[in-house]
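Since the model is a prediction, treat every value here as computed from it, not as a measurement. Just so it is clear, the values below take in all heavy atoms, side chains as well, and ignore hydrogens, waters and symmetry mates. The chain is numbered in sequence order, starting from 1.
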Amino acid sequence: MNTAANQVTAEEIKVILRAADEIIFQGGRTLLAKILKGSKEKKVMELKLDQCPVYGFYKTWKLDDILLKIDWMIDHEFFEIRYDRKLPMIVFSRKGWQIQMDQYTDELLEEWREWIRNGHHNPDMSYLKDRNREMILLLIEKIKESREKTLIPYLELWEKIDYKKVKQEIRIAIEAINQNEPIDPSVIKAREEAINEALEVEEPVDLMIKCWGCLKRFTFSVGEQQFFKQKGLSFPNRCKKCRKNPIWR
């Protein structure tokens, strides 16, 4: 076994989250591992997952070792497992989404800058409509903070096609950039600190849970927690003895 598979750096956390963004609630651990491996499998190609910017990040790794990385992400609560019928699907935890949302909005902003460099003057902004509202508002905030007047034509195109709330925020951003309003560094600092905090890893520990049946406390071990998380199960609220008792079934 590759011992490095049990160690995940902050960079790797971001990479794995970025890859997962392509298949959230559409695929599970194995498909995610294949993106990171750079698999040429038919399903990966059909879903165009080879276009993911982190496709093949672990191309020299064995698939089983990549799966250990993904399981580590589940154990440390960057991902959750949800079931669609009987199929286990990868979804973001709250902190996982917080990190991915931050890096994805940076990716979108850099895409705009690339369009400007390439002279792309009239992009179709409908790709931003009906996206996650929290992410969209963060993107607008980052554009506003950039104070880059070259981005205003894109904002104006976007403003024409989106909903009222988003239009209002876009207009505020345009006016802030045009008037060169001062940037509040405390807002940026707070956001950076929140991301750094989300990236901090605390190792799982045994939990003491109060049983709803006998009212006594029971130990829910790290190993049991890992099993429940990877199966997409809620943590138990009754001890093993009470769980076996027919009255609680």
Side-chain angles (χ1 to χ4, degrees), residues 11 13-27 31-32 34-36 38-40 43-57 90-92 96-185 187-188 190-192 194-195 198:
E11 179 195 5
I13 290 171
K14 291 181 178 181
V15 165
I16 297 170
L17 290 170
R18 179 62 187 88
D21 201 7
E22 304 289 332
I23 59 165
I24 288 298
F25 227 118
Q26 298 179 53
L31 185 56
L32 175 54
K34 288 177 180 177
I35 298 171
L36 293 163
S39 169
K40 301 292 185 181
K43 183 176 181 180
V44 174
M45 297 295 108
E46 285 179 346
L47 295 174
K48 299 182 179 180
L49 298 175
D50 58 319
Q51 296 179 15
C52 175
V54 295
Y55 172 79
F57 182 83
I90 287 279
V91 299
F92 290 126
W97 171 238
Q98 182 183 17
I99 297 165
Q100 171 53 17
M101 178 173 61
D102 183 72
Q103 69 173 348
Y104 189 51
T105 48
D106 286 343
E107 184 179 322
L108 290 171
L109 180 51
E110 185 53 38
E111 182 179 51
W112 281 25
R113 291 171 177 144
E114 184 67 21
W115 288 349
I116 291 168
R117 289 191 288 269
N118 293 333
H120 189 17
H121 300 301
N122 194 34
D124 180 2
M125 289 298 180
S126 61
Y127 79 106
L128 293 174
K129 195 173 183 180
D130 295 318
R131 301 291 286 272
N132 177 274
R133 181 61 62 88
E134 185 181 17
M135 183 195 76
I136 288 301
L137 294 179
L138 177 59
L139 174 60
I140 296 170
E141 183 65 23
K142 288 187 175 184
I143 294 169
K144 182 172 66 174
E145 291 168 355
S146 77
R147 294 299 187 264
E148 296 175 38
K149 290 189 177 182
T150 53
L151 299 175
I152 290 177
Y154 292 162
L155 285 171
E156 291 172 338
L157 288 171
W158 185 7
E159 185 182 17
K160 291 176 182 178
I161 58 92
D162 221 312
Y163 300 111
K164 183 176 179 180
K165 173 64 176 177
V166 176
K167 286 176 183 285
Q168 291 173 344
E169 295 301 322
I170 292 172
R171 179 47 46 186
I172 291 171
I174 292 171
E175 292 174 359
I177 295 171
N178 274 327
Q179 296 174 18
N180 198 27
E181 293 179 3
I183 299 168
D184 185 353
V187 174
I188 300 173
R191 188 166 65 233
E192 291 174 348
I195 295 301

Engineer: Would a 4.5 Å heavy-atom cut-off, applied to side chains only, mark Lys40 and Asp50 as touching?
Structural biologist: no
Engineer: Are Tyr127 and Leu108 packed together at the side-chain level, in the sense that at least one heavy-atom pair is separated by less than 4.5 angstrom?
Structural biologist: yes
Engineer: Test of understanding: with side-chain hydrogen bond (donor to acceptor under 3.5 Å, both in side chains), list the residues that count as partners of Gln168, not counting sequence neighbours.
Structural biologist: none
Engineer: Less than 4.5 Å apart, any side-chain heavy atom of Arg191 and any of Glu141?
Structural biologist: yes
Engineer: Using a strict 4.0 Å threshold on nitrogen-to-oxygen distance, state whether Arg113 and Glu110 make a salt bridge.
Structural biologist: yes
Engineer: Below 4.5 Å, heavy atoms only, C-beta onward: do Lys129 and Tyr163 meet side chain to side chain?
Structural biologist: yes
Engineer: When you compare the side chain of Glu134 with that of Leu138, does any pair of heavy atoms fall below 4.5 Å?
Structural biologist: no
Engineer: Within a strict 4.5 Å, meaning less than it, do heavy atoms of the Trp97 and Ile24 side chains meet?
Structural biologist: no
Engineer: Go through the structure and list residues passing side chain to side chain contact (heavy atoms under 4.5 Å, CB included) with Leu31, not counting sequence neighbours.
Structural biologist: Ile23, Lys43, Val44, Leu47, Leu49
Engineer: Does Glu11 have more than 12 heavy atoms from other residues, nucleotides or ligands lying within 6.0 Å of its CD?
Structural biologist: no
Engineer: Please name all residues satisfying side-chain hydrogen bond (donor to acceptor under 3.5 Å, both in side chains) with Tyr104, sequence neighbours left out, ordered by chain then number.
Structural biologist: Arg131
Engineer: Between Lys144 and Glu175, is there a salt bridge with N-O shorter than 4.0 Å?
Structural biologist: no
Engineer: Holding to salt bridge (Lys or Arg N to Asp or Glu O under 4.0 Å), I want the full list of residues that pass it with Glu107, two or more places apart in sequence or in another chain.
Structural biologist: Arg18
Engineer: With Ile136 as reference, evaluate Val166, Thr105, Asp130 under the side chain to side chain contact (heavy atoms under 4.5 Å, CB included) test and give the passing residue.
Structural biologist: Val166
Engineer: Could you check whether any side-chain N or O of Ser39 sits under 3.5 Å from a backbone N or O of Ile35, counting only pairs where one atom can act as donor and the other as acceptor?
Structural biologist: no
Engineer: Distance-only criterion, 3.5 Å: show the donor-acceptor pairs between side-chain atoms of residues 152-161 and protein atoms not counting sequence neighbours.
Structural biologist:
residue	atom	partner	partner atom	Å
Tyr154	OH	His120	O	2.4
Trp158	NE1	Asp162	OD2	2.8
Glu159	OE1	Arg171	NH2	2.7
Glu159	OE2	Arg171	NE	3.1
Glu159	OE2	Arg171	NH2	3.4

Engineer: Does any part of the side chain of Leu128, heavy atoms only, come nearer than 4.5 Å to the side chain of Leu139, both counted from C-beta?
Structural biologist: yes
Engineer: Kindly indicate whether the side chain of Met135, heavy atoms from C-beta on, has any atom under 4.5 Å from the side chain of Gln100.
Structural biologist: no
Engineer: What closest approach, in Å, do Ile16 and Leu32 show between heavy atoms, and which atom pair accounts for it?
Structural biologist: O-CD1, 4.1 Å
Engineer: Could you tell me whether the side chain of Tyr55 and the main chain of Gly38 form a donor-acceptor pair under 3.5 Å?
Structural biologist: yes
Engineer: I'd like to know whether NZ of Lys14 has more than 12 heavy-atom contacts from other residues, nucleotides or ligands below 6.0 angstrom.
Structural biologist: no
Engineer: Just do the side-chain hydrogen bond (donor to acceptor under 3.5 Å, both in side chains) check on Gln98 and Asp102 with the steps written out, would you?
Structural biologist: CA-CA 6 Å; Gln98 182 183 17; Asp102 183 72; over 6 Å; no
Engineer: Looking only at heavy atoms, which two atoms of Ala19 and Cys52 are closest? And how far apart?
Structural biologist: CA-SG, 3.9 Å
Engineer: Output the distance between atom OG1 (Thr150) and atom CZ (Arg117), rounded to the nearest 0.5 Å.
Structural biologist: 10.0 Å
Engineer: Can you list the residues that meet the salt bridge (Lys or Arg N to Asp or Glu O under 4.0 Å) rule with Glu181, with sequence neighbours excluded?
Structural biologist: none
Engineer: Has Lys167 got more than 12 heavy atoms of other residues, nucleotides or ligands less than 6.0 Å from its NZ?
Structural biologist: yes
